[in-house]
Peer 1: 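Pasting a structure below so you can have a look.
Chain letters run A, B, ... following the sequence lines, proteins first and then strands; every chain starts at 1.
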Protein chains: 2
Amino acid sequence: MHLLAGPEGQGWGKDPDRGLLLAALELLAERGYRGATTKEIARRAGVNEVTLFRRFGSKEALLRAALSHFIPVGFLERLPAEEAPLEEGLRQLLEAYLDLLKAHQALLPKLLAELLRHPGLRGAGPPEGILGVLERAVGFFRAQQRRGLLRSDEPPEEMALAFVGPLMARFLLGEALGVYLPLDQEAYLRGYLEGRYGAGREGQSGLR
Amino acid sequence: MHLLAGPEGQGWGKDPDRGLLLAALELLAERGYRGATTKEIARRAGVNEVTLFRRFGSKEALLRAALSHFIPVGFLERLPAEEAPLEEGLRQLLEAYLDLLKAHQALLPKLLAELLRHPGLRGAGPPEGILGVLERAVGFFRAQQRRGLLRSDEPPEEMALAFVGPLMARFLLGEALGVYLPLDQEAYLRGYLEGRYGAGREGQSGLR
DNA sequence: TTGCGCTGTAAGTATGCACTTACTTGCAGG
DNA sequence: CCTGCAAGTAAGTGCATACTTACAGCGCAA
């Protein structure tokens, strides 16, 4: 998986720009806002430091631009199609998410941290980044609802949050506190669909 | 709600220490690791900068100590008792969590960001901080399982994550991306307990 | 060839910061 | 009063870093 949409799509083409954006993203992820020095970004992009300032004006502007174009390329394609059968779709979603975490284990927590720290970083840019991915996921749940496979008395965003939320919480627990919980994927799917009421209900499961 | 356990409990009593820890925590939250300068921390604590170094050795050590003692005082008491009836307990948990977010709206995302950014900050210290709170919450779910009110084929940590996870995801969505989703508390509880299978099941709900 | 736009090179500026050193002051206990 | 420890004061060191300035080279179009 790469990190930037493109390579020539979005109109911010040109070579040195792209190299700088990519290098900025990598370094931001590796070392944080402070640690991503302009000198090092330029070096990694194979470009002179002065060029960085000439093209983006400031470090802040460069990083903002980089974040607004960030998207794990290839992730979108792994999301389930809206017409996918419910359980198969959920499994795909779960696996895509876990693979994403594995592939960008180092980057994601740092990127998240920077987003939390510098609210200014999130503006500016097409919503085709992370928000686009979220939209796609929500679309899947909406379609499943329309087909009557999921309860219809909750907004699809809620359905999506209920599925992804515990995974994100796990992620945070690990990255922020160093506490790692094992994950049983089948049990996770079962728990999501069947709820938490009552004693163990083996055999009643719609899953295998 | 305050920020540090104490005031004289844990053995790290003394006045200047406590003032420094508190100031460090506040500034860390307000301005991040980099922005929390030793000079400013000392000033806010009403103490000379040199004293900071004499007592903690380095900025890093001070911040680590501060984080390890951090706990939103008063939050613990709001968590449901293990014997609380299931739905009432869940409601308490939900409200305590929402109140916590409201009370520390500015601090929490910054603290989280710093934890993600500086993994070194999390070590060292008694688990009476945030982890203690988590333990308490998990204890509630475990007790409910033992009483047969929750399914028993999932570890209680899983039950807790399934409840808190979507809330945390909401929180992140808001803080990191600026996307805020409304929350219907009753629907949330229902969704948690009953799962997502099937069309709308009004009337079947165990909740009013 | 001339001129223009873009990039590179070299050097430098200004600033902020963690951390240190050397000395003084205040206070508590014997 | 004397001693000793903890805190304050003042000044400074060394370093990293964002950003600037001045100048030179290169390719391309008219």
Side-chain angles (χ1 to χ4, degrees), chain A residues 7-8 11-68 110 113-114 117-121 124, chain B residues 6-8 11-68 110 113-114 117-121 123-124:
Chain A
E8 59 282 302
W12 48 275
K14 292 277 215 16
D15 226 16
D17 280 12
R18 181 172 177 81
L20 281 169
L21 289 170
L22 201 56
L25 212 45
E26 288 178 7
L27 271 164
L28 183 64
E30 287 174 23
R31 312 188 188 172
Y33 186 95
R34 178 198 198 177
T37 69
T38 53
K39 191 175 302 189
E40 182 64 13
I41 293 174
R43 203 192 58 76
R44 194 174 291 200
V47 148
N48 194 279
E49 190 184 2
V50 184
T51 303
L52 185 159
F53 287 100
R54 277 200 272 246
R55 307 205 61 111
F56 290 92
S58 74
K59 174 180 172 176
E60 164 102 18
L62 167 63
L63 293 182
R64 174 157 30 206
L67 275 182
S68 78
K110 305 300 176 89
E114 294 313 316
R117 207 122 108 57
H118 300 268
L121 288 180
Chain B
E8 59 283 303
W12 49 276
K14 291 279 213 14
D15 229 14
D17 280 11
R18 182 174 177 79
L20 281 169
L21 289 170
L22 201 57
L25 213 45
E26 287 178 7
L27 271 164
L28 183 63
E30 286 173 24
R31 312 189 189 172
Y33 186 94
R34 177 198 200 178
T37 69
T38 54
K39 192 174 300 187
E40 181 64 15
I41 292 175
R43 204 192 58 78
R44 193 175 291 201
V47 147
N48 193 280
E49 190 185 2
V50 183
T51 302
L52 184 159
F53 287 99
R54 275 201 273 249
R55 309 207 58 113
F56 290 92
S58 74
K59 173 181 173 177
E60 163 105 18
L62 167 62
L63 292 182
R64 174 158 31 205
L67 276 181
S68 78
K110 305 300 177 92
E114 293 313 317
R117 207 118 107 59
H118 301 270
L121 288 180

Peer 1: Could you say whether A/Phe53 or B/Gly46 is positioned toward the 5' end of DNA chain D, judged by the nucleotide with the nearest heavy atom to each?
Peer 2: B/Gly46

Peer 1: If I take atom CZ in residue A/Arg54 and atom P in nucleotide C/dG8, what distance separates them, rounded to the nearest angstrom?
Peer 2: 8 Å

Peer 1: Can you find a pair of side-chain heavy atoms, one from B/Phe56 and one from B/Asp17, that are under 4.5 Å apart?
Peer 2: yes

Peer 1: Output the rounded distance in Å from CZ (A/Arg34) to C1' (D/dC15).
Peer 2: 12 Å

Peer 1: Atom CG of B/Leu52 and atom C1' of D/dA7: how far apart are they, to the nearest Å?
Peer 2: 13 Å

Peer 1: Name the closest nucleotide to the A/Val50 side chain, picking from C/dT9, C/dT7, D/dG8.
Peer 2: C/dT9

Peer 1: When the distance from CG of B/Leu20 to P of D/dA6 is rounded to whole Å, what number comes out?
Peer 2: 16 Å

Peer 1: Considering only side-chain heavy atoms of A/Val47, which listed nucleotide, C/dG8, C/dC6, C/dA18, is closest?
Peer 2: C/dG8

Peer 1: Judged by each residue's nearest nucleotide on DNA chain C, which is more toward the 5′ side, B/Ala36 or A/Asn48?
Peer 2: A/Asn48

Peer 1: Please determine whether a side-chain nitrogen or oxygen atom of B/Thr51 lies at a distance below 4.0 Å from atom OP1 or OP2 of D/dA7.
Peer 2: no

Peer 1: Can you tell me the distance, in whole Å, between the CD atom of B/Glu49 and the C1' atom of C/dT20?
Peer 2: 11 Å

Peer 1: With a 4.5 Å limit on heavy-atom distance, are the side chains of A/Lys110 and A/Arg31 in contact?
Peer 2: no

Peer 1: Rounded to the nearest 0.5 Å, what separation is found between the OG1 atom of B/Thr37 and the CZ atom of B/Arg43?
Peer 2: 9.5 Å

Peer 1: Report the distance from atom NZ of B/Lys39 to atom P of D/dT9, rounded to the nearest whole Å.
Peer 2: 14 Å

Peer 1: Using modelled atom types only, decide if a donor and an acceptor are shared between the side chain of B/Lys59 and the backbone of B/Tyr33 within a distance under 3.5 Å.
Peer 2: yes

Peer 1: Out of D/dC19, C/dG8, D/dT17, which nucleotide sits closest to the side chain of A/Thr37?
Peer 2: D/dT17

Peer 1: In this structure, how many angstroms lie between the C1' atom of D/dC19 and the CZ atom of A/Arg55, rounded?
Peer 2: 18 Å

Peer 1: Given A/Leu62, which of A/Leu28, A/Leu67, A/Leu52 fulfils the side chain to side chain contact (heavy atoms under 4.5 Å, CB included) condition?
Peer 2: A/Leu52

Peer 1: Once you round it to whole Å, what is the distance between C1' of D/dT17 and CG of A/Leu27?
Peer 2: 15 Å

